[in-house]
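Everything below concerns the one structure shown next.
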Amino acid sequence: MTIILGIFEEGLIYAIMALGVYITYKILDFPDLSVDGTFPLGAALTACLIVKGVSPALALPASFLAGVAAGCITGLIHVKCRVRDLFSGIIVMTALYSVNLRIAGMKANLPFLSQDTIFDNEWTRNSLPASFRPYIVVIILALIVLVCKLLLDWYLNTRSGYLLRAAGDNDTLVTSLAKDKGLVKIIGLSIANGFAALAGGVLAQKQAFFDISIGTGTMVFGLASVILGTQLFRRFGKVRSTTAVIAGAILYKACVALVISMRIVKATDLKLITAAILLLILVISDSMKRKGTHHHVGA
């Protein structure tokens, strides 16, 4: 049961970030590596605010806004400075390493074990039955993920959301509608990195510390979650893409946990396992696409 709870806890946290990667990878077709910097940005800001006595609940929207600002910078570098999408993300990701260190008071690790978090506070300790407490983290995470999903679904059905999808599929359509496609991209990148930073803030509160290396491989995990979820659920037309991405994050975390539990490799090889599983998913996904194309041609 502990392993299952752990899978859901980490899977749901990274699902928030995966929703952001879904915007950049699936909708905008933008390889945004800045999420490797905005994820720890949210964690660093959350840790810093909680240490200074700010409410842990207020630290999360602050983290989201910090991610929005970082994503906006990525978009401005790409759109206004005409830097390629990949390089724009790399520039911001690299710069954020130093920014995150400064936010954390030039500390690579900033613990706040004695402070209240959204998971461990007076209400969760004293107001809940003892039998209910082991599941409180999963319940709170599920509520946060649900709110993020519903807000993103709502936004994608607004006029701005339709323009965002059009910018990824056919940016000339956005121009023909007398809209600035560059501005649409900046908005999409801002929202995506906002989700990444929010996920970092939530993870920091669950672990009760910030670590500068917390964002390494974030983009890989997000991509794997998006590809796995959308590929598995693409035949189910009624399943929303955002729901598929959330399920993909949990399933991906389960795959990683399964490999570690088999003791073929050590837990210290987590990043190697993560990369290997992503490679496997990409190969299988490409193979399925090729089969689908051949079947279509043959028909």
Side-chain angles (χ1 to χ4, degrees), residues 10-44 63-64 66-75 77-78 83-100 148 152 168 185 188-204 210-231 241-242 244-246 248-253 255-256 269-283 285-286:
E10 293 210 17
L12 287 169
I13 291 172
Y14 281 95
I16 302 169
M17 178 271 301
L19 289 173
V21 175
Y22 167 73
I23 294 173
T24 55
Y25 175 71
K26 273 292 184 182
I27 297 179
L28 287 178
D29 193 22
F30 191 108
D32 183 22
L33 286 177
S34 57
V35 295
D36 273 26
T38 49
F39 187 83
L41 170 65
S63 297
F64 179 83
V68 167
C72 183
I73 293 171
T74 302
I77 292 172
H78 173 61
V83 176
R84 286 181 60 183
D85 46 15
L86 184 64
F87 294 145
S88 300
I90 291 173
I91 290 167
V92 173
M93 175 190 69
T94 305
L96 282 176
Y97 185 90
S98 296
V99 172
N100 295 338
C148 291
L152 182 56
K185 282 187 176 182
L189 287 166
S190 298
I191 296 171
N193 282 279
F195 277 125
L198 176 62
V202 173
L203 180 61
F210 156 75
D211 188 273
I212 191 64
S213 64
I214 203 171
T216 307
T218 301
M219 182 63 174
V220 172
F221 196 107
L223 280 174
S225 301
V226 171
I227 295 168
L228 180 61
T230 52
Q231 285 294 323
S241 296
T242 49
V245 168
I246 293 167
I250 296 170
L251 288 171
Y252 187 67
K253 194 64 192 177
C255 290
V256 173
D269 297 323
L270 178 62
K271 300 300 180 185
L272 175 63
I273 297 166
T274 302
I277 294 176
L278 173 59
L279 176 61
L280 182 63
I281 291 170
L282 287 171
V283 170
S285 175
D286 183 65

Task: Reported CD1-to-CD1 distance for the pair I191 and I27, which is rounded to 0.5 angstrom - done: 9.0 Å
Task: Nearest-0.5 Å distance that lies between atom CD1 in I214 and atom CG in L203 - done: 4.0 Å
Open item on the list: So L279 and V283, do their side chains get closer than 4.5 Å, heavy atoms only?
Closed with: yes
Task: Parallel, tilted or perpendicular: ring planes of F39 versus Y14, cut at 30 and 60 degrees - done: parallel
Task: Heavy-atom pair with the smallest gap, counting every atom of R84 and H78 - done: C-ND1, 3.8 Å
TODO: Considering non-hydrogen atoms only, spot the tightest contact between G71 and N193 and give its length.
DONE: CA-ND2, 3.4 Å
Task: From OG (S190) to CD1 (I73), nearest 0.5 Å - done: 9.5 Å
- [ ] Quick one: pull up OG1 in T218 and CG in L223 and give me the separation to the nearest 0.5 Å.
- [x] 11.0 Å
TODO: Enter the distance from L282:CG to I227:CD1 here, rounded to the nearest 0.5 Å.
DONE: 4.5 Å
Task: Donor-acceptor pair, side chain of D32 and main chain of G89, under 3.5 angstrom - done: no
Open item on the list: Quick one: does any side-chain atom of Y252 pair with a main-chain N or O of T274 as donor and acceptor, under 3.5 Å?
Closed with: yes
TODO: Mind checking side chain to side chain donor-acceptor pair (under 3.5 Å) for D85 and listing every partner two or more places apart, or none if nothing turns up?
DONE: none
Task: Nearest non-hydrogen partners of G215 and D36, listed with the distance - done: O-CG, 3.5 Å
TODO: Return the minimal non-hydrogen interatomic distance between A199 and I16, and the atom names on each side.
DONE: CB-CB, 3.9 Å
TODO: Say whether, by atom type as modelled, one donor and one acceptor occur between the side chain of K271 and the main chain of T216 under 3.5 angstrom.
DONE: yes
- [ ] Work out which heavy atom in S225 is nearest to a heavy atom in A249; give both atom names and the distance.
- [x] OG-CA, 3.3 Å
Open item on the list: Nearest 0.5 Å, please: how far is SG in C148 from CG in L19?
Closed with: 7.0 Å
Open item on the list: If you compare all heavy atoms of S88 against all heavy atoms of I77, which two are closest, and at what distance to 0.1 Å?
Closed with: OG-CG2, 3.8 Å
